[in-house]
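Take a look at the structure below.
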Amino acid sequence: MPRITLPDNSVREFDKPVTAAEVAADIGAGLAKAVIGAKIDGELCDSATLITNDVEIELITAIDRKAGESTEDALFLLRHSCAHVMAEAICKIIPGVELVYGPPLETGFYYDIAVPEGRPLSTDDFEAIEAEMAKIIKEDRPFKRYELAVEEGMNKLKSEGSKYKIDNAERAIEAGSDELSWYATGEPGEAWEDLCKGPHVPSTGRIGAFKIMSLASSYWHGDADSDRLTRVYGIAFADKKQLAKHLNHLEEAKKRDHRVLGKKLQLFHIDEAVGQGLVLWTPNGAVIRNELQNFIGAELRKQGYHDVYCPHIGKLELYKTSGHFPYYSESQFVPIMDRDFLKKAADDGCSCSELANLMASGDIEGYLLKPMNCPHHIKIYSSQPRSYRDLPVRLSEFGTVYRWEKSGELSGMIRVRSFTVDDAHLFCREDQIAEELNGCLSLVKMVFQTLGLNDFRVRVGLRDPDSSKYVGKSEDWDKAEKACREAAKSLGTHVTEEPGEAAFYGPKIDFIVRDVIGREWQLGTVQVDYNLPKRFELSYTGSDNQQHRPVMIHRAPFGSMERFVGVLIEHFAGAFPTWLAPEQVRVLPISEKSADYGNSVLKALRDKDIRATIDHSNERIQAKIKVASEMKVPYLLVVGPSDQQDQVVSIRARGLRQNLGTLPVNTFVEGVCSEISSRGKQTIISEHFQAVEA
RNA sequence: GCCGCCGUAGCUCAGUGGUAGAGCACACCCUUGGUAAGGGUGAGGUCAUGGGUUCAAGUCCCAUCGGCGGCUCCA
């Protein structure tokens, strides 16, 4: 007889097996109505799941009474169920579709379907699908589960003939399932049904609000060589209010999108005449990039780095030695062929397809736009004999690299075909690895802290033991992986280890952040590499007068300047801290009468290297403030006759919708200077206007 | 690269086969105004590009280029 323990540790006993719904009814009629599922001993279940043993149970309602919103579990149930409702609606509207797989997500749900030939699903179908879904929800049909033994279930699926569902079932069985389950939206045998392990809400009517969001394509099993499927994304909530909130949130996120802000604030431009994925840094964006480079450059000098500069191309042979060419040839720009080689090939009667083959296999004489900076830096290392006393040698460069990303992958500044890495390569002795790794990590930490990027995760990328794409000896990999693990541990943040995420030459520590639409991007990276030193036969003379092999560390705290600035634009929503802001101060004369005084204030600012402009437009002060605010200028100085008389400026700070008061010109200039040099640790507000509420 | 959607003025967008539109920005004029848009006038378009259908194409069809959302990939 089941003893049911509730989250508050109270216990209820029953004299026969009960369902979660019955437990809820036993507690109260209101709860019985509200319950949509249960967590039984930690496992999410239907409210109709029969409980026969003693268990701990947590009843799940659409809206959690304490939190006032839906829990993750509730949303999982709602969205999973809504995916079924959508699938049923699609089946009705487009006869002949085959269902594949429809899971809930953190951000909603999707259903992968195979559409019949000649009847693609389009966004124009959304209205009809949504209408059909609304009907199904209004009918408040129960989700009824039934189970069949494996053999019987497979027979049923085979007779129905959906290869996708058969595949799903086979996978479930492989994973250890001893039965197959279906959910009918209504009476099994009569109503629409779907092979599904559940769980679901009790009935369609519990889905309070939903919306079909978008259409995309996907591959079966995520395999690009397999069937192409149509993926329909949707979202569901317990009620319309939460849906509206979510949609509003998406709108807000769109405003922060670096592509939108990049245009509005004139930070960068991508021009199709130049090429896809090739970022043009406009003056405002260039300021931000420059400031970041100066910021980290000062730190690099402290840590004993040396700047180097390298050309943007290198001989193809160089990248064959490094291994980049054969490993990644498909994601590189095609090689640049030697004129003499091309002429000789032509004279020899080489056909176009033969030439293409030579190109693809790299059997040509020519050059490559560099996909990585390391080979060049390696050649600087090996350009002179090195003693153990010289190590570590730390070579840094903001090096631009080129990668042929697939066209569908390109995205603003975040995924591009040419980007500049704040790259460095550290050549050290094995006994120096740990200390050098720590130096690299402290650099990353300092960067992230200064910029307030707190929402990131750390991933240690290890080799995948089953893959052959890695080069080098297993012992070296073990050592390198150990070094990365230990260094990452010292960070004190949450670290995950992910096999298969290593570079082909070594393991790495990656810093990963999310953009405004929830996509994750790798920023900084630190990699330990035993392999390239071997490939290039690097050496140093040890204290024993013998030749030894150095170890390399690749590291890039920002990662790519393009991606990093793209992420920063979203992080700050375009409102950069004063030290990074392209325009730090704007002077706003009240009228032409104050133009001269305004110019003198402007000069005082510029004399101290403050990036300032003046708005001499023939507009009222209200309009000038509005325009400057929209451009997210940190400080606005209103200057009129009375300010001139007192030799002061009237100050507005970004985000504070008010006149803060006045300061003497010099006091303001000094304040901004210390705000800039302290990178925001001191501000005008904190020094002079503490009382102001943000 | 793949699937779907999209491409009209510098920007944001309206325009369902019959003379190309709005707001903002821009130029000029009036206004000289004290804290989130004063008023007027004007200029600005090969409707992404190339083909096709049609008496007639921004609008329908095809291709190409580019953008967006995903999938896959990311040294």
Side-chain angles (χ1 to χ4, degrees), chain A residues 110 112 115 120-126 213-233 254 257 259-260 263-264 266 270-273 275-277 319 322-325 327-332 370-375 401 403-412 415-417 421 461 469-471 501-506 508 510 517 519 521-522 525 527 529 532 554 556 560 563 588-595 617-630 636-643 650-652 656-661:
Chain A
Y110 67 79
D112 275 348
V115 293
L121 189 62
S122 99
T123 47
D124 294 341
D125 296 313
F126 285 5
M213 301 300 290
S214 64
L215 209 53
S217 90
S218 63
Y219 299 114
W220 193 26
H221 297 168
D223 176 0
D225 295 325
S226 190
D227 298 10
R228 265 179 284 284
L229 306 171
T230 301
R231 179 170 293 183
V232 190
Y233 282 88
K254 216 190 258 174
D257 189 310
R259 291 164 297 196
V260 174
K263 188 168 265 174
K264 186 171 153 203
Q266 297 160 20
I270 295 172
D271 196 301
E272 68 175 273
Q276 277 186 293
Y319 293 98
S322 70
H324 291 110
F325 182 76
Y327 278 93
Y328 294 103
S329 53
E330 79 291 344
S331 53
Q332 287 161 358
K370 68 179 172 186
M372 288 283 269
N373 296 308
C374 15
V401 297
R403 297 185 188 169
W404 187 261
E405 304 288 1
K406 288 185 236 165
S407 62
E409 280 309 330
L410 301 171
S411 176
R415 193 78 186 266
V416 295
R417 284 186 173 158
V421 185
K469 81 168 192 178
Y470 306 100
V471 297
E501 290 296 327
F504 73 87
Y505 51 71
K508 52 182 189 166
D510 289 332
I517 34 187
R519 295 179 295 199
W521 300 99
Q522 179 196 307
T525 181
Q527 307 169 1
D529 179 6
L532 289 183
H554 310 238
S560 121
R563 178 174 293 178
L588 310 178
I590 290 284
S591 76
E592 267 172 42
K593 289 174 188 156
S594 303
S617 66
N618 182 13
E619 287 292 348
R620 304 194 320 168
I621 194 66
Q622 288 85 338
K624 293 185 184 186
I625 288 170
K626 161 105 172 146
V627 168
S629 302
E630 289 202 333
L636 307 183
L637 303 182
V638 175
V639 293
S642 61
D643 303 290
S650 294
I651 299 164
R652 284 183 74 108
L656 306 176
R657 299 176 66 98
Q658 58 179 300
N659 177 2
L660 295 177

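Numbered from 1 within each chain, the chains take letters A, B, ... in sequence-line order.
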Rounded to the Å, how far apart are [X] [atom1] and [N] [atom2]?
X	N	atom1	atom2	answer
R259(A)	C6(B)	CZ	P	18 Å
R620(A)	G33(B)	CZ	P	11 Å
W220(A)	C2(B)	CH2	C1'	17 Å
K593(A)	G34(B)	NZ	P	10 Å
R228(A)	U72(B)	CZ	C1'	11 Å
N659(A)	U35(B)	CG	P	8 Å
Q332(A)	A75(B)	CD	P	12 Å
L121(A)	C3(B)	CG	P	15 Å

Touch check for [X], heavy atoms < 4.0 angstrom, all strands: base, sugar-phosphate only, or nothing?
X	answer
Q276(A)	sugar-phosphate
K263(A)	sugar-phosphate
R231(A)	sugar-phosphate
S218(A)	sugar-phosphate
Y505(A)	sugar-phosphate
E501(A)	nothing
T123(A)	sugar-phosphate
Q622(A)	sugar-phosphate
A216(A)	base
Y328(A)	base
G222(A)	sugar-phosphate
I621(A)	sugar-phosphate
K624(A)	nothing

Would you mind telling me which of [options] lies closest to the side-chain atoms of [X]?
X	options	answer
S214(A)	G69(B), A75(B), G1(B)	G69(B)
S650(A)	G38(B), G34(B), A75(B)	G34(B)
R563(A)	C71(B), C3(B), C74(B)	C74(B)
R652(A)	C73(B), A75(B), A36(B)	A36(B)
K508(A)	A36(B), A75(B), G34(B)	A75(B)
L215(A)	U32(B), C3(B), G4(B)	G4(B)
S629(A)	U72(B), A36(B), A75(B)	A36(B)

Which sits closer to the 5' end of RNA chain B, S642(A) or G412(A), going by the nucleotide each is nearest to?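 First, find each residue's nearest nucleotide; the 5'-ward one identifies S642(A).
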
Could you pick out which residue, Q527(A) or G277(A), lies toward the 5' side of RNA chain B when each is mapped onto its nearest nucleotide?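 In this pair, the answer is G277(A).
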
Side-chain donor-acceptor pair under 3.5 Å between T525(A) and Q527(A), yes or no?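 Side chains of T525(A) and Q527(A): pair found under 3.5 Å.
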
Nearest-Å distance once atom [atom1] is located in both [N] and [M]:
N	M	atom1	answer
U8(B)	U35(B)	C1'	38 Å
C11(B)	G44(B)	C1'	13 Å
C26(B)	A63(B)	C1'	37 Å
G15(B)	C74(B)	C1'	42 Å
G50(B)	C65(B)	C1'	10 Å

Enumerate the salt bridge (charged side-chain N to carboxylate O under 4.0 Å, His left out) contacts for residues 617-629 of chain A, please, sequence neighbours excluded, ordered by first and then second residue.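 For residues 617-629 of chain A: K626(A)-E630(A).
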
For G1(B), take OP1 and OP2 only and decide whether either is under 4.0 Å from a side-chain N or O of S407(A).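 Yes.
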
Contact under 4.0 Å: K406(A) side-chain N or O vs C74(B) OP1/OP2: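 It does not, given that no N or O in the side chain of K406(A) lies less than 4.0 Å from OP1 or OP2 of C74(B).
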
Report the residues that fulfil side chain to side chain donor-acceptor pair (under 3.5 Å) with [X], sequence neighbours left out, ordered by chain and then residue number.
X	result
N659(A)	none
S650(A)	D643(A)
H324(A)	S322(A)
Y233(A)	R231(A)

Quick one: salt bridge (charged side-chain N to carboxylate O under 4.0 Å, His left out) partners of K508(A), sequence neighbours excluded?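 If we apply the salt bridge (charged side-chain N to carboxylate O under 4.0 Å, His left out) test to K508(A), skipping adjacent residues, the hits are D510(A).
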
The criterion is salt bridge (charged side-chain N to carboxylate O under 4.0 Å, His left out); which residues satisfy it with E272(A), sequence neighbours excluded?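 Partners of E272(A) by the salt bridge (charged side-chain N to carboxylate O under 4.0 Å, His left out) criterion come out as none, since no residue qualifies.
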
Compare every heavy atom of [Y] with every heavy atom of [X], then report the nearest pair and how far apart it is.
X	Y	value
V416(A)	E405(A)	O-CG, 3.3 Å
I270(A)	G275(A)	CG2-O, 4.1 Å
P371(A)	Y319(A)	CD-CE2, 3.5 Å
L215(A)	T123(A)	CD2-N, 3.8 Å

Dump every N/O contact between nucleotides 22-29 of chain B and the protein below 3.5 Å, one line per pair.
none

Output a table of nitrogen or oxygen pairs between the protein and nucleotides 40-51 of chain B separated by less than 3.5 Å.
none

Is it the case that R417(A) places NZ or CZ above or below the six-membered ring of W404(A), under 6.0 angstrom from the centre and within 45 degrees of the axis?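 Yes, R417(A) lies over the aromatic ring of W404(A).
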
Looking at K626(A) and A36(B), is any side-chain donor or acceptor paired with a base atom of the opposite kind under 3.5 Å?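 Check fails, no donor-acceptor contact within cut-off.
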
By ring pair (Phe, Tyr, Trp, His ring centres under 6.0 Å), which residues pair with W521(A), not counting sequence neighbours?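 W521(A) satisfies ring pair (Phe, Tyr, Trp, His ring centres under 6.0 Å) with no other residue.
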
What residues form a side chain to side chain contact (heavy atoms under 4.5 Å, CB included) with S642(A), not counting sequence neighbours?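 In terms of side chain to side chain contact (heavy atoms under 4.5 Å, CB included), with neighbours along the sequence ignored, S642(A) is linked to no residue.
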
Centroid-centroid under 6.0 Å between Y328(A) and F504(A) rings: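 They qualify: ring centres under 6.0 Å apart.
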
For RNA chain B, what dot-bracket results from Watson-Crick or G-U pairs at under 3.5 Å, with [ ] for crossers and | for inter-strand partners? (((((((..((((....[..)))).(((((.......))))).....(((((..]....))))))))))))....

